[in-house]
Structures are given as structure tokens and as C-alpha cells.
Amino acid sequence: MSHNFGKHKIKKRLFFYFLFLFFLPFTAGFLASCGISDSDQTNLPAMTRDPGPQMPAPLPSESHLRAFTTIQNLADADFTPAAAQDIPRNSLTDLSVPTYVTKVEDTYFIVDCYHDQVIYHDNLTDPLTDWQILTDEIDKGHTLASDGTVYLVDDTEGNRILVFEKKEGVFYHTQTLDEAGNRPHYIVYDAPTDTFYVWSSMNGEMYLCRHDPGDPQMYLTQIRTVDALKETYVRSFTINGDDIYFVSGIPGTPAIIQANLSTFAVQKTYPVPDAIAGMVQLTFAKGNCYITVSTDIGGSQDYATIIRAKDLQDLADGNYEDIYNNFIGGGTPYYITQIDNSYYLTEHRIPGHAVWKFNITEDGVGNVEAVY
């Protein structure tokens, strides 16, 4: 009796198994009709989707808010290239509030903020008068970012983003995005998401910009907002894996905000003391958090410094170390960038100490030297 019952039970299971296989295609079709269609996908952030082999992510040209305005097209038949030796050289012997140093391929760039220009050269040892001018069309620009195809520069006071392309060793202003928020202040190219993130420093808006593969035409693909920062001056952000961190700004409640990079949903808030409320930048390096500070909550640069903490949670209790004496101190440190195996710091208020080079190890900061 139990043996026959077992056979009957197996047959019954096989019947339902084949019945399931028979209805599976219909079920899949039904679920697809209730899911997100291809047209709906274009409204989702490109970096949050797994496009898969059958459904590639929409190109910027297929789904965007607006295209950058073309200034000149280097592929046009009537385009006349300039000679590299004809590009204007920098006539200034010093830097006035430099904010950013970076290197793209074999070229170094310095954003000379209060001289309203970006300059470039093939080394960091020659006099500044040997450098050439990338652009002097900006008003208090702060950063430059590149993916190797295009170079984006923020025109902070002009609320614009300028795009440059390089051809036969010469840089050309090819596109512009006007009305890019309120004082765009910081640009980062993030390779994993193939996106330029442009931060509008005064109203909590992030402008996401991209271009199609093999085509330099730039598009504004999305604008995201951090509501908590709408009325706060925030100088920068830091992308770290799947998270994005916004440094503390003023006015407002002093805190570093951690959000999800895909959604910009706030995940954590790290309160900070009033003395370091006016932060510039957060850098994660060798297991520590390095933060440049411009002012206190009242806007006084007398509190400008560089601090190091083991964890962002330690800041609220004042559990951090002031390391500005490694750079003489007394000035106002700004952005830190990593180039090759070294770090670079821009600084103002100290004549002759505008750009520093240094190393970061597990023990801290070392091999500090003034570059310009």
C-alpha cells in the first residue's frame, strides 16, 4: 500500500512539474507586461540599472534634459587648427587662490581661481610663466575634470560649465552648458558610472553630465537635489564606492552627509563641531579621513586647518588630530588631489606656498614639499 502510494505521489508531482513548465512562458510574458518597459527605463538613473546583453542602457543622446551648446566642432571641414606655439603663455609669476591641481595623461592643470584662468604644462618644476593658458573665460573657476575625451571646467560665478577638447596638442573650447545651477563649484568624473558630477554649491543640486561613446557631444542627463543642503554653501563632495559624501557647509547645521550614489537618498549624518563647520573637502586615505577646513560656522578663516580622524563618527566629540603644522599652517587649505603616487594640496593666504606635494601613509603625512 505504501509503495503504490509513493508511485502515485511521484506521478502527481511530475504532473504539476510539467504543468508549470507549460505555463512558464505565459507567466514570464505577464510579468514583463507588469514591469518597467523599455521606454520607462530611460527615466531611471543609468548607473543604477544592470543593462544586460539584451537591453543596453539608453545613451545620453536618447534620454537627456538638454544638450550642451556647441561652440565649435573640431570635425567640421572648415575647422582651422591652431599651432601649439601660438597658444598664449601665462604671464603671471604667482598663483592667486589656486583651488585645484590635477593631471590628465601627460599634462598637469592648475585652476588659478582669483586669476580667472586654468593653466597647463607638462611638469610641475618649470616656472609658472612657462605654463600655457587653457582658458581665461571663467570667473572664479574651481575645478577641472576629464575622462580623456573631454575636459570640463566650472565657471563658478558665471554659472556655466565649459567643455574643452584636445587636438594635436592644442585645447579648444568646444561646448558650454549655461544655467548650471548656482555657483557650480566642484566637478568629478566617475569612471564606474561614466558620469561627470557637477556640484552647484549654493542650492544642493547635482548636475549629471555624459556623452555617447566615441562622440564628445555632452548632455545634461539628470539633476538631483539634496534637500538638506538647499540653503547651505557646500564646497565639495566625495564619491567612495556606492556612497557620496557632502562636507559640512555654512550656514546650517554643521554635519557631513552620507548618501547613496544611485539615489542620493541620505543614509547617515555625521555632526561636526562649529569650529570646523566650513569644510572644503573630505579625502579617504590609508584608513583615515583627511578634511580640509576653510572656516568655522561664523565664516572666519582663522579656523582654517587640516584634520585627520579615524572615523567620521569621531568628529562630533572632537576626537580628531590637527595636522596643519605639517604644511607650516596659517593659511587656508583647499582641495587635495592624488596624482600618481603623491598627493597635492592647494592653499592660499601664504605667499610662496600655493601648491604642496606630500605623501600619505598609515602613519600620517610625510615628505611635504612646496611646489609653487
Member of Asn182, Ile223, Asp154, Leu229 meeting the side chain to side chain contact (heavy atoms under 4.5 Å, CB included) criterion with Ser200 =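 It is Asn182, the one option of Asn182, Ile223, Asp154, Leu229 that forms the side chain to side chain contact (heavy atoms under 4.5 Å, CB included) with Ser200.
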Please check if the distance between the ring centroids of Phe358 and Phe327 is under 6.0 Å.
-> yes
Under 6.0 Å between the ring centres of Phe246 and Trp199?
-> yes
Quick one: which residue pairs count as a salt bridge (charged side-chain N to carboxylate O under 4.0 Å, His left out) with a foot in residues 228-252, not counting sequence neighbours?
-> Asp227-Lys230
Taking only residues at least two apart or on different chains, which pairs with a member in residues 277-306 satisfy salt bridge (charged side-chain N to carboxylate O under 4.0 Å, His left out)?
->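 Of all non-adjacent pairs touching residues 277-306, none passes salt bridge (charged side-chain N to carboxylate O under 4.0 Å, His left out).
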Cut-off 3.5 Å, side chains only: do [X] and [Y] have a donor facing an acceptor?
| X | Y | answer |
| --- | --- | --- |
| Thr195 | Asp190 | no |
| Tyr207 | Glu205 | yes |
| Thr361 | Asp363 | no |
| His142 | Thr99 | no |
| Tyr233 | His185 | yes |

Tell me the ring-ring contact (aromatic ring centres under 6.0 Å, His included) pairs involving residues 146-175, sequence neighbours left out?
->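 Of all non-adjacent pairs touching residues 146-175, those that pass ring-ring contact (aromatic ring centres under 6.0 Å, His included) are Phe79-Tyr172, Phe109-Tyr151, Phe109-Phe171, Tyr120-Phe171, Tyr151-Phe171, Phe164-His173.
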Mark yes when over 12 heavy atoms from residues, nucleotides or ligands other than Glu362 sit less than 6.0 Å from its CD; otherwise mark no.
->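 Atom CD in Glu362 is not packed in, count stays at 12 or less.
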Would you say Gln85 has more than 12 foreign heavy atoms packed within less than 6.0 Å of its CD?
->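 Yes.
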Criterion side chain to side chain donor-acceptor pair (under 3.5 Å) against Asn90, the qualifying member of Gln117, His121, Gln132, His115 | Gln117
